[in-house]
Structure formats: structure tokens, C-alpha cells
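Beneath this line is the structure, given in C-alpha cells, with notes to follow.
Position 1 is the first residue of the sequence; numbering continues from there. Any value given below was found using the heavy atoms of this structure, including those in side chains, with hydrogens, waters and symmetry copies removed.
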Amino acid sequence: QAQLMESGGGLVQPGRSHELSCAASGVTFTINDMAWYRRAPGKERELVATIARSGVRNYDGSVKGRFTISGDNAERTVHLQMNNLQSDDTAVYYCKVSGRDNVRYKYHELWGQGTQVTVSS
């Protein structure tokens, strides 16, 4: 039973820092990419940051320079360090991992349940 467990959501004051974590368990495919998405009130889901097995990172322009995505060496866990949080960062944040199995190399993706981050004074 593959699962993706997110943690770290909560209430954060503007300008403060916070970190989200996501741990994968029971995943049998090879994880090639890990990502964080978010859905803010009144907006569509958007991609926040990605990290590939190669270590290459990409960020949405709205968070570049403030957020940092990272993973452990085994790529079982992904983190999102968020600095200088603003009200517009308020959203439900979702973790996603993707890759291919080792038999048929079929594409797989797994989503977390989402964790609420509220930036407010």
C-alpha cells in the first residue's frame, strides 16, 4: 500500500519561515521526480517546485528565491522550506512523487492528502 504522508501545515505569521515535509512509504516504483503543488482560495492548483533525481530544481516565479525544495538521499522524503511567507502563500499544499516501475517501466504518480498553510497575523 503506497502512501504519501504530508506534515508541517499550520498557521504562520507573515514574514516568517516554515517547513513542510512529505514521506513516501510502500512505493515500489523508482521515484524520479518529487514536487510540491498548492491550491489557493479562488485559484487553480499550481506547481510550486520540483526536484528531479538529477538534483535539478525548478520553482514557480512567485516563490523563487523564497522557497527551497529538497529531498533525502534515497528520495523517500521531500521537504519544502518556505521563507518570508506572505498572505498569497496561503493554500493547501500537496506533495507528489512520480516515476516508473522496474518491470514494465510504467509511469506512476502518487499524491499526498494535502496540508493547509495559512499565512496570517
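In this structure a side-chain-to-backbone donor-acceptor pair under 3.5 Å is missing from Arg16 to Leu85. Using modelled atom types, no side-chain atom of Arg104 and backbone atom of Arg100 make a donor-acceptor pair closer than 3.5 Å. At distances below 3.5 Å, not a single donor-acceptor pair connects side-chain atoms of Ser98 with backbone N or O atoms of Glu109. The closest donor-acceptor contact from the side chain of Thr77 to the backbone of Gly71 lies at 3.5 Å or more, if one exists at all. Checked by atom type and distance alone, the side chain of Gln116 never pairs as donor or acceptor with a backbone atom of Gly9 at under 3.5 Å. Remark: side-chain polar atoms of His18 are paired, donor with acceptor, to backbone N or O of Gly8 under 3.5 angstrom.
For Ser17, the side-chain contact (heavy atoms from CB on, under 4.5 Å) partners are Gln81, Asn83, not counting sequence neighbours. For Val103, the side-chain contact (heavy atoms from CB on, under 4.5 Å) partners at least two apart in sequence or on another chain are Asp101.
Salt-bridge annotation for Asp33 and Lys96: absent, with no side-chain N of the basic residue lying under 4.0 Å from a carboxylate O of the acidic one.
With rounding to the nearest 0.5 angstrom, the CE atom of Met34 is 12.5 Å from the CG atom of Leu110. Here Ser7 contributes atom OG and Leu20 contributes atom CG; the two are 8.0 Å apart, rounded to the nearest 0.5 Å. Of the inter-residue distances, the one linking Gln13 atom CD with Leu11 atom CG reads 7.5 Å to the nearest 0.5 angstrom. Distance CD1/Ile69 to CD1/Ile51: 6.0 Å, rounded to 0.5 Å. Atoms CD1 and CZ, from Ile31 and Arg76 in turn, are 9.0 Å apart once rounded to the nearest 0.5 Å.
A 4.5 Å side-chain heavy-atom check between Thr30 and Asn102 finds at least one atom pair inside the cut-off. Here the side chains of Leu80 and Val78 are not in contact, with every heavy-atom distance at 4.5 Å or above.
Judged purely by distance below 3.5 Å, without hydrogens or angles, the side chains of Ser70 and His79 never pair a donor atom with an acceptor atom.
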Extract all donor-acceptor atom pairs below 3.5 Å that involve side chains of residues 39-46 and protein atoms in other chains or at least two apart in sequence.
residue : atom : partner : partner atom : Å
Glu46   : OE2  : Arg38   : NE           : 2.7
Glu46   : OE2  : Arg38   : NH2          : 3.2

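Val92 and Val117 are members of different hydrophobic clusters when ILVMFWY side chains are connected at heavy-atom separations under 4.5 Å.
Sorted by first and then second residue, the ring-ring contact (aromatic ring centres under 6.0 Å, His included) pairs with a member in residues 35-65 read Tyr37-Trp111; sequence neighbours excluded. Among pairs with a residue in residues 88-109, those fulfilling ring-ring contact (aromatic ring centres under 6.0 Å, His included) read Phe29-His108, at least two apart in sequence or across chains. For residues 79-121, every residue pair satisfying the disulfide bond (SG atoms under 2.5 Å apart) rule, not counting sequence neighbours, is listed here: Cys22-Cys95.
When all heavy atoms of Asn84 and Asp89 are compared, the closest pair comes out as O-OD2, 4.3 Å.
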